Number of protein chains: 2
Amino acid sequence: MKRGQAVMTLFEIRKMSAHLPNPVPRAGGVVSPCSACNVRHLTLCAALDDREVTEMSAIVSSVELGPGEPLFDEAEPAKNVFNVTAGAVKVYKLLPDGRRQMTGFLFPGDFLGLANEENYAYSAEAVTFTTLCRFPRKKLEGLLEKYPLMERRLLGMASHELAVAQEQMLLLGRKTAREKVASFLLMLSRRAVQRGQKDNPISVPMSRNDIGDYLGLTTETVSRTFTLLKQAGTITLLGNGKVELSDRKTLEVMSDGA
Amino acid sequence: MKRGQAVMTLFEIRKMSAHLPNPVPRAGGVVSPCSACNVRHLTLCAALDDREVTEMSAIVSSVELGPGEPLFDEAEPAKNVFNVTAGAVKVYKLLPDGRRQMTGFLFPGDFLGLANEENYAYSAEAVTFTTLCRFPRKKLEGLLEKYPLMERRLLGMASHELAVAQEQMLLLGRKTAREKVASFLLMLSRRAVQRGQKDNPISVPMSRNDIGDYLGLTTETVSRTFTLLKQAGTITLLGNGKVELSDRKTLEVMSDGA
DNA sequence: AGGGCTCCTTGACCTACATCAATGGCCGAG
DNA sequence: CTCGGCCATTGATGTAGGTCAAGGAGCCCT
């Protein structure tokens, strides 16, 4: 399958999902043997030795999703664990009346689907065209027993996630709208660096609404805050989901509440 | 050391801390070899086999803290990992200007201090008279290498924590004051059951201020919300940190946003 | 018993953000 | 090119919860 052809397929999916009442069949996307998993940051596949890589590639498969396509839903049986290799994924929880809280945005190298319980604790959905590696949970657990070092890596990743989550609680519980948005932009910038991209004009692929649900704000407040920052000369909106952090120092001070 | 004597010591500490400007020396409390660690829920020490228990008890020691005494501070080198055996601990992060976000309350059986990085990601402080088991991190890591099953248990605990943290993000970002307080009371009740206590008149050992910092509210709003629930007959304030959940059904509906 | 804590409660008022509503830009489809 | 959808932006208005201020209750200490 050539690259051109894969893109065609994604457009098909996108077209389909635009017409479906309930966007798309569960855990949709094109599935084929995974040749990726060459991402090297915070990844389960990072720093594997040869033997581990061999065994890993035997159980892994690849998933491709178009924008807005669901990967899995909260409370669905947690059959797989995923590793983002390209694109961006949003992860969220819902209240019965539809209020939504994003619990994270995931980028290449990030991991999702780790669940202690039988079922996923949150829903996951593609933000942009996205590719992921999929590990059947059962088989992965088998591997973990054989290679305790992989388990250690997972533990490290979980601890890291936990620290990130606590930082986010501080943001949600105690920061103002301005501080939240500033923190958010800086976070995107830092993570872009981590996966080897430029830190300055950053890409903000998600909608204002998604950002609002991540920061505990409304679309309108996010939008207003962006324009405030723009008017203050702190950021520049370049259009097309690109934002330039024109004055990082100010953003940094702002993100912390000064 | 007899029980009576230990209590005396704790009163001494309390007396001291009442007079000190900065409450008490770092990681204070009385330290003696640990005979506890017989708590059986979500604990590192739970379900150990005999050999593990032996090795564990060789590295563990015990810590006792009076109310308000710090266990460790954010950014301090993470030398130890702790397991609460009695009492209650609060864990929080601060903004430079002093705003505070509790990231959790810990009860007997809970674990804290797991850190991926060199330093603790948060501060921890006793809410009531508290005893903990202390594991030097380095030595614990040595044990983990020998007993991969313990590592698995830790991973399970971290995943569980992560799910709890995500639930808390939903609360902080999207719930109203009433929903937050209702969720909080139910959480306390559920956790009381988990560690084998009654689920109804529950003990609420922390101050309104602490609760506010946990729920992203002010002291006043927490207090007002308690009285609203009281007036509606949903709860009864029994005084002395005891609360009766008179109408759990209503609380449950309320906690979810209905 | 009385003074000085800290914590809780309640009231009056205020403000940051939500809500409601209108408009405009962009993009894909025909 | 035009039409229809979606998203972002902006304005006008509303409100949940914050802020400020004043008691009051329990507790320890003398």
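Predicted model, so just to flag it, every value in this text is computed and none were measured. We name chains A, B, ... by the order of the sequence lines, and we start the count at 1 in each one.
Taking the ring axis of Tyr92(A) as reference, the NZ or CZ atom of Arg100(A) stays within 45° of it and closer than 6.0 Å to the ring centre. Taking the ring axis of Phe107(A) as reference, the NZ or CZ atom of Arg195(A) stays within 45° of it and closer than 6.0 Å to the ring centre.
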Protein-nucleic acid N or O pairs under 3.5 Å, nucleotides 24-26 of chain D:
none

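Remark: Glu244(A) engages no residue in a salt bridge (charged side-chain N to carboxylate O under 4.0 Å, His left out) (not counting sequence neighbours). Among residues two or more places apart in sequence or in another chain, the salt bridge (charged side-chain N to carboxylate O under 4.0 Å, His left out) test is passed with Arg248(B) by Asp199(B).
Sequence neighbours left out, the pairs with a member in residues 161-204 of chain A that pass ring-ring contact (aromatic ring centres under 6.0 Å, His included) are Phe184(A)-Tyr214(A).
Remark: the Thr103(B) side chain and the Lys93(B) side chain contain no N/O donor-acceptor pair separated by less than 3.5 Å. Side-chain contact, Thr236(B) with Ser246(B): a donor N or O sits under 3.5 Å from an acceptor N or O.
With rounding to whole Å, Leu229(A) atom CG is found 15 Å from dT9(D) atom C1'.
Between Phe72(A) and Phe82(A), the ring planes lie parallel to each other; the angle is under 30°, not in the 30° to 60° tilted range.
The pair Arg99(A)-Asp213(A) does not count as a salt bridge, with every side-chain nitrogen at least 4.0 angstrom from each carboxylate oxygen.
In this structure, the helix from dA1(C)-dT30(D) to dG30(C)-dC1(D) shows an angle of 40° between the axis at its start and the axis at its end, each fitted on 5 base pairs and rounded to 10°.
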Base-contact (B) and sugar-phosphate-only (S) positions in nucleotides 8-20 of chain C, heavy-atom cut-off under 4.0 Å, - elsewhere: SBBBB----SSBB
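The backbone N or O of Leu245(A) sits less than 3.5 Å from a side-chain atom of Asn200(A), completing a donor-acceptor pair.
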